[in-house]
**Q** 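There's a structure below that I have some questions on.
In the text below, chain A, chain B and the rest are named by the order of the sequence lines, each starting its count at 1.
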There are 2 protein chains.
Amino acid sequence: MSMTTQIPSLTIGAVAKRVGVAIDTIRYYEREGLLPEPERRASGYRSYDEGAVRQLRFIRRAKDLGFTLEEIRDLLALSADRHRGVKAVKKRAQERLAAIDERIAELTRVRNGLEQLVEACPGHGSPEQCPILRALVDEEPQA
Amino acid sequence: MSMTTQIPSLTIGAVAKRVGVAIDTIRYYEREGLLPEPERRASGYRSYDEGAVRQLRFIRRAKDLGFTLEEIRDLLALSADRHRGVKAVKKRAQERLAAIDERIAELTRVRNGLEQLVEACPGHGSPEQCPILRALVDEEPQA
DNA sequence: CTAGACCTTTGATCCAGGTCTAGAGTCAAG
DNA sequence: CTTGACTCTAGACCTGGATCAAAGGTCTAG
């Protein structure tokens with residue numbers, strides 16, 4: 001080996017800053033098994049490398065895609081399984097995609113219902129004439 | 001008045017069944033100020049009328065439209081304000097609509113990003129070749 | 001009368017995903 | 001050396017929207 005190549009180690013604060021996440025969150029992820037337990041300095045300080053930074057970014061991206069921490073734990077395990085993992089990862093991503101589509105469809109239904117009400121509401125007059133209030137109070141939503 | 005017209009009063013359980021909501025939820029809404037404190041029988045049992053049923057349905061519908069309980073409390077107050085309330089109710093509904101649109105747009109963005117990844121993933125091979133894993137690990141999402 | 005359903009209250013618990021605290025130790029700059 | 005910023009731990013607390021438990025009182029059908 002070459003002479004003790006100084007792989008620069010990062011404190012938890014440095015990692016937090018780099019990734020844009022709170023220190024507490026990093027420790028929380030570690031507790032929850034999303035991040036491996038890092039090396040420690042003699043003082044007990046956690047010591048991270050670039051791999052940890054990458055993994056943390058992975059977690060944040062996956063979260064932005066709507067994966068739960070539970071699912072992310074799962075993805076991480078899969079991504080570690082060379083070759084066999086890829087298939088499962090794709091499957092998870094497809095499931096996530098389907099779930100998002102469903103959520104969008106649901107929101108769209110609500111949205112359109114609400115839009116109709118807003119359009120039909122004159123914005124003045126008695127509450128009995130307000131279709132928004134009527135829709136909320138009366139029997140069936142669209143019946 | 002006519003001779004003590006028996007307005008049939010409902011127990012909390014009957015109301016719960018009629019609206020399709022848990023008893024605990026009704027008491028919770030009462031505590032949270034979404035439902036007025038009902039009459040009580042001599043025994044202390046809550047005694048509801050049809051108005052309460054209507055108001056509870058209002059709450060559930062509004063919740064289905066994505067209003068938070070906080071916002072619903074607000075809507076209820078507004079709907080009680082005859083005439084002046086209507087304008088404010090419409091405004092709230094418009095705001096809600098805009099918020100939903102924003103949420104849909106956001107989800108759609110995520111959805112499309114995820115779809116591209118899924119389509120580009122062969123479903124086998126090494127993790128380094130899997131665009132899903134690469135996207136999660138690598139630098140910029142779309143860069 | 002009694003079983004069993006229903007009701008009362010206060011207060012605890014749940015879920016995810018963190019966030020904050022206290023009290024103590026460590027590190028880098030001046 | 002001192003200061004101030006940083007980190008450590010264990011564990012409590014937060015949000016929203018309920019949901020449940022415990023311990024007791026009430027109501028109704030048979």
Side-chain angles (χ1 to χ4, degrees), chain A residues 6 8-49 52-53 55-76 96 99 103 110, chain B residues 6 8-35 37-49 52-53 55-76 96 99 103:
Chain A
Q6 273 290 105
S9 88
L10 302 160
T11 63
I12 195 170
V15 172
K17 189 168 288 180
R18 243 122 113 53
V19 179
V21 85
I23 287 175
D24 284 334
T25 301
I26 295 177
R27 285 195 285 244
Y28 171 70
Y29 287 169
E30 181 183 326
R31 277 201 298 287
E32 295 297 306
L34 290 157
L35 287 172
E37 301 203 352
E39 302 286 301
R40 298 290 184 132
R41 294 196 204 171
S43 61
Y45 280 25
R46 288 173 180 76
S47 173
Y48 296 95
D49 59 14
V53 171
Q55 181 148 344
L56 186 48
R57 287 205 171 113
F58 179 108
I59 294 168
R60 300 262 75 176
R61 299 238 170 75
K63 231 181 71 60
D64 289 346
L65 290 177
F67 287 93
T68 65
L69 297 191
E70 177 81 27
E71 291 168 328
I72 295 170
R73 209 183 347 252
D74 201 33
L75 282 178
L76 285 165
R96 187 88 271 284
R103 182 75 186 125
V110 168
Chain B
Q6 272 290 108
S9 89
L10 302 160
T11 62
I12 197 172
V15 172
K17 190 167 289 181
R18 242 120 113 52
V19 179
V21 86
I23 288 176
D24 285 335
T25 302
I26 296 177
R27 283 195 286 247
Y28 170 70
Y29 286 170
E30 181 183 326
R31 277 201 299 286
E32 295 297 307
L34 290 157
L35 288 171
E37 301 204 352
E39 302 287 300
R40 297 291 185 133
R41 295 196 203 168
S43 62
Y45 281 25
R46 286 173 179 76
S47 173
Y48 296 95
D49 59 14
V53 171
Q55 181 148 346
L56 187 49
R57 288 206 170 110
F58 179 107
I59 294 168
R60 300 263 72 179
R61 299 239 168 74
K63 230 180 71 59
D64 289 346
L65 290 177
F67 287 93
T68 65
L69 297 191
E70 177 80 27
E71 290 168 330
I72 295 169
R73 209 183 347 253
D74 201 32
L75 281 177
L76 285 165
R96 189 87 270 284
R103 183 76 187 122

**Q** Between C/dT19, D/dT26, C/dT8, which nucleotide gets closest to the side-chain atoms of B/Ile12?
**A**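 Nearest listed nucleotide: C/dT8.
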
**Q** Between B/Asp24 (side chain) and B/Arg27 (backbone), is there a donor-acceptor pair under 3.5 Å?
**A**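 No: the side chain of B/Asp24 does not pair with the backbone of B/Arg27.
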
**Q** Taking CD1 from B/Ile72 and C1' from D/dA18, how many angstroms apart are they, rounded to a whole number?
**A** 13 Å

**Q** Are B/Arg40 and D/dG25 close enough that a side-chain N or O sits under 4.0 Å from OP1 or OP2?
**A** no

**Q** Which whole-number value in Å describes the distance from B/Arg27 CZ to D/dA21 C1'?
**A**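 Spelled out: CZ on B/Arg27 to C1' on D/dA21 is 12 Å.
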
**Q** Tell me which of B/Arg31 and A/Lys63 sits closer to the 5' end of DNA chain C, going by the nucleotide each one is nearest to.
**A** B/Arg31

**Q** Whole-Å distance between D/dA18 P and B/Glu30 CD?
**A** 15 Å

**Q** Can you tell which of B/Leu35, B/Ile26, B/Ile23, B/Val21 makes a side chain to side chain contact (heavy atoms under 4.5 Å, CB included) with B/Val15?
**A** B/Ile26

**Q** Tell me: CG of B/Leu35 to P of D/dG17, nearest whole Å?
**A** 15 Å

**Q** Quick one: do B/Thr11 and B/Tyr48 satisfy side-chain contact (heavy atoms from CB on, under 4.5 Å)? Show the steps, please.
**A** CA-CA 6 Å; B/Thr11 62; B/Tyr48 296 95; over 6 Å; no

**Q** Nearest of C/dC6, C/dC27, D/dA18 to any side-chain atom of A/Arg41?
**A** C/dC27

**Q** Identify which nucleotide among C/dC20, D/dA18, D/dC6 has an atom closest to any side-chain atom of A/Tyr45, counting heavy atoms from C-beta outward.
**A** D/dC6

**Q** Can you check the A/Lys17 NZ to D/dT7 C1' distance for me, whole Å?
**A** 14 Å

**Q** Between P on C/dC20 and CD1 on A/Ile23, what's the gap in Å once rounded to a whole number?
**A**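 Going from A/Ile23 (CD1) to C/dC20 (P), I get 12 Å.
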
**Q** Let's see if you can work this out: which of D/dT19, C/dT19, D/dC27 has an atom nearest to the side-chain heavy atoms of B/Ala22?
**A**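 Nearest to the side-chain atoms of B/Ala22, counting from C-beta on, is D/dT19.
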
**Q** Report which part of the nucleic acid B/Arg60 touches: base, sugar-phosphate, or nothing (heavy-atom distance under 4.0 Å, all strands).
**A** sugar-phosphate

**Q** Could you state the atom-to-atom distance from CD1 of A/Ile26 to P of D/dT7 in whole Å?
**A** 9 Å

**Q** Side-chain N or O of B/Thr25 versus OP1/OP2 of D/dA18: is the shortest distance under 4.0 Å?
**A** no

**Q** Name the residue closer to the 5' end of DNA chain D, choosing between B/Ala42 and B/Phe67 according to the nucleotide with the nearest heavy atom.
**A**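 It is B/Phe67, whose closest nucleotide lies nearer the 5' terminus.
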
**Q** Using modelled atom types only, decide if a donor and an acceptor are shared between the side chain of A/Gln55 and the backbone of A/Leu34 within a distance under 3.5 Å.
**A** yes

**Q** Does B/Leu69 or B/Asp24 map to a spot on DNA chain D nearer the 5' end, using the closest nucleotide for each?
**A**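 It is B/Leu69 whose nearest nucleotide is closer to the 5' end.
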
**Q** Return the nearest nucleotide to the side chain of B/Tyr28; candidates are D/dG17, D/dC8, D/dT7.
**A**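 The answer is D/dG17.
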
**Q** Do A/Arg40 and A/Tyr45 form a cation-pi contact, if we require the NZ or CZ to be under 6.0 Å from the six-membered ring centre and within 45 degrees of the ring's axis?
**A**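 Relative to the ring axis of A/Tyr45, which defines the angle, A/Arg40 lies outside at least one limit.
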
**Q** Grab the CG-P distance between A/Leu10 and C/dC27 for me, whole Å please.
**A**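 In whole Å, C/dC27 P lies 16 Å from A/Leu10 CG.
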
**Q** Output yes when at least one side-chain N/O atom of B/Thr11 is less than 4.0 Å from OP1 or OP2 of C/dC7, else no.
**A** yes

**Q** Taking atom types as modelled, is there a side-chain donor on B/Tyr29 or B/Arg73 under 3.5 Å from an acceptor on the other?
**A** no

**Q** For D/dA18, does OP1 or OP2 lie under 4.0 Å from any side-chain N or O of B/Tyr29?
**A**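 Answer yes for this pair, as a side-chain N or O of B/Tyr29 is under 4.0 Å from OP1 or OP2.
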
**Q** Which nucleotide, if any, forms a Watson-Crick or G-U wobble pair with D/dG30, using both distances under 3.5 Å?
**A** C/dC1

**Q** Remember a base hit wins even if backbone is also touched, and classify A/Arg46 as base, sugar-phosphate or nothing at under 4.0 Å, heavy atoms.
**A**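 Sugar-phosphate contact only.
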
**Q** Would you say a side-chain N or O of B/Ser43 is under 4.0 Å from OP1 or OP2 of D/dC27?
**A** yes

